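Written below as structure tokens is the structure these notes are about.
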Amino acid sequence: MSAGSARLLPGGPVAERVFAEVAEGVAGLRAAGVVPALATVLVGDDDASAGYIRIKSRQAAELGFASPHVHLPASATQADLHRVLRDLNDDAGVHAVLVQHPVPGHLDYDRALQVLDPDSDVDGMHPVNMGRLALGLPGPVPCTPAGIEALLAFHGVPVAGREVVVLGRGATLGRPLAMLLAQKRPTANAAVTVVHTGVADWPRYTRRAEILVAAAGVPGIVRPEHVRPGAVVVGGGVRYEGRRLLPDVDESCARVAGAITPRVGGVGPTTVAMLFRNALRAAQRAAGRGSAEVDDEGAVVGDGGAGGGGGGDRG
Ligand SMILES: NC(=O)c1ccc[n+]([C@@H]2O[C@H](COP(=O)([O-])OP(=O)(O)OC[C@H]3O[C@@H](n4cnc5c(N)ncnc54)[C@H](OP(=O)(O)O)[C@@H]3O)[C@@H](O)[C@H]2O)c1
């Protein structure tokens, strides 16, 4: 950050804590004879996607997950992909499934997602899981929104009763985050407003936000004049130009904000951590060990309770 005075809200320590909890949960399952498995599916030979899969497989191994991998050629058909997902659904040894996004242009990712068992969906993006989120029912929570809730809770940023403005209503981030932070739970319970291209004067809303979340994917869209002095600013939206990361939040916002996520190492690490938390919960549910656990924030987690604890619980 430039010469700003805002407190930084890094995601790394949040992720570390979640990883520690996940490793403990995995050890518990293994002690009971269950080896939790997170399967990954990659279609095609995109280098970046293959790299992401390698990182996630390494992380899975470190946490104690088995991580079977299916690699389909770039020529795979929609039916091929569906067949793989159905096989994984039917495999009792596989508890969680990650389909690496994006898939080659001739394939429909959203259609494929619908073939997946919603309970195995670590991204929390299956329509059933979005419905569960809307209704406050247990299930996997979309990872980036869950990570943002966890980040705010970890850094002691009060959310309940406060005015949160989310810039963007995309399915990955803005929309599920708005639902999550409006839920009646200690780490949520906010007055949430969502703004987008249909609200021409969106700065009118962001300027009054106590917590502003940028979720547009438009580099530099949030500037100091859009931020209420002292507000908490969370940068969720990013765009990549090659390997260069271009965040929604201009770094000069640190001069006005009271607290702000760093340009790199903010929301990203928490997203990955939540993916593994979803995978653990999926394995715990499958093993019948997911009920009535209570997490650090006092929220009920796991099946019969909720989906993600201190950044993703629904209740
Ligand atoms: N950090 C992470 O780990 C992580 C993970 C996942 C996603 N992301 C990022 O999060 C961002 C959002 O993803 P998404 O899939 O939810 O979003 P999306 O589908 O791309 O939607 C973007 C949203 O931003 C709004 N928007 C775009 N330009 C705008 C403008 N000039 N003024 C006002 N609103 C504007 C759009 O409004 P309309 O609806 O009116 O078009 C839309 O609601 C992306 O940058 C993505 O890369 C980050």
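All figures in this text were calculated on a predicted structure; none of them were measured in a lab. Every heavy atom of this structure was used, including side-chain atoms; hydrogens, water molecules and symmetry mates were not.
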Residue pair Val238 / Leu246, side-chain heavy-atom distance below 4.5 Å
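Side-chain contact under 4.5 Å: no.
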
Less than 4.0 angstrom from a charged side-chain N to a carboxylate O is my criterion; do Arg223 and Asp248 meet it?
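No.
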
Step through the shown structure and confirm whether more than 12 heavy atoms of other residues, nucleotides or ligands are within 6.0 Å of [atom1] on [X].
X: Phe19; atom1: CZ; value: yes
X: Glu24; atom1: CD; value: no
X: Asp90; atom1: CG; value: yes

Checking side-chain contact (heavy atoms from CB on, under 4.5 Å) between Leu152 and each of Thr187, Thr261, Val159, Val164, which is the one that passes?
Val159

Looking only at side chains, do Asn278 and Arg281 share a donor and an acceptor under 3.5 Å apart?
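The answer is no; no qualifying pair exists.
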
Within residues 96-108 or reaching into it, pairs that qualify as side chain to side chain donor-acceptor pair (under 3.5 Å) - sequence neighbours excluded
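Those involving residues 96-108 are Lys56-Gln100.
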
Qualifying ring-ring contact (aromatic ring centres under 6.0 Å, His included) pairs, either residue in residues 254-277, two or more places apart:
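Residue pairs passing ring-ring contact (aromatic ring centres under 6.0 Å, His included), neighbours aside: Phe65-Phe276.
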
Tell me which pairs pass ring-ring contact (aromatic ring centres under 6.0 Å, His included) where either residue lies in residues 73-98, with sequence neighbours left out.
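Every candidate ring-ring contact (aromatic ring centres under 6.0 Å, His included) pair involving residues 73-98 fails, so no pair, neighbours aside, qualifies.
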
Identify whether Val165 and Val218 are in the same connected component of the hydrophobic contact network (ILVMFWY, side-chain heavy atoms under 4.5 Å).
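The answer is yes; both residues are in one hydrophobic cluster.
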
Can you list everything that forms a salt bridge (Lys or Arg N to Asp or Glu O under 4.0 Å) with Arg207? Sequence neighbours excluded, please.
none

Among residues at least two apart in sequence or on other chains, which ones pass salt bridge (Lys or Arg N to Asp or Glu O under 4.0 Å) with Asp117?
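For Asp117, no residue satisfies salt bridge (Lys or Arg N to Asp or Glu O under 4.0 Å) once neighbours in sequence are set aside.
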
Can I get a per-line list of side-chain donor-acceptor pairs under 3.5 Å for residues 171-181, giving both atom names and the distance, sequence neighbours left out?
{"from": "Arg175", "atom 1": "NE", "to": "Arg169", "atom 2": "O", "distance (Å)": "3.0"}
{"from": "Arg175", "atom 1": "NH2", "to": "Arg169", "atom 2": "O", "distance (Å)": "3.3"}

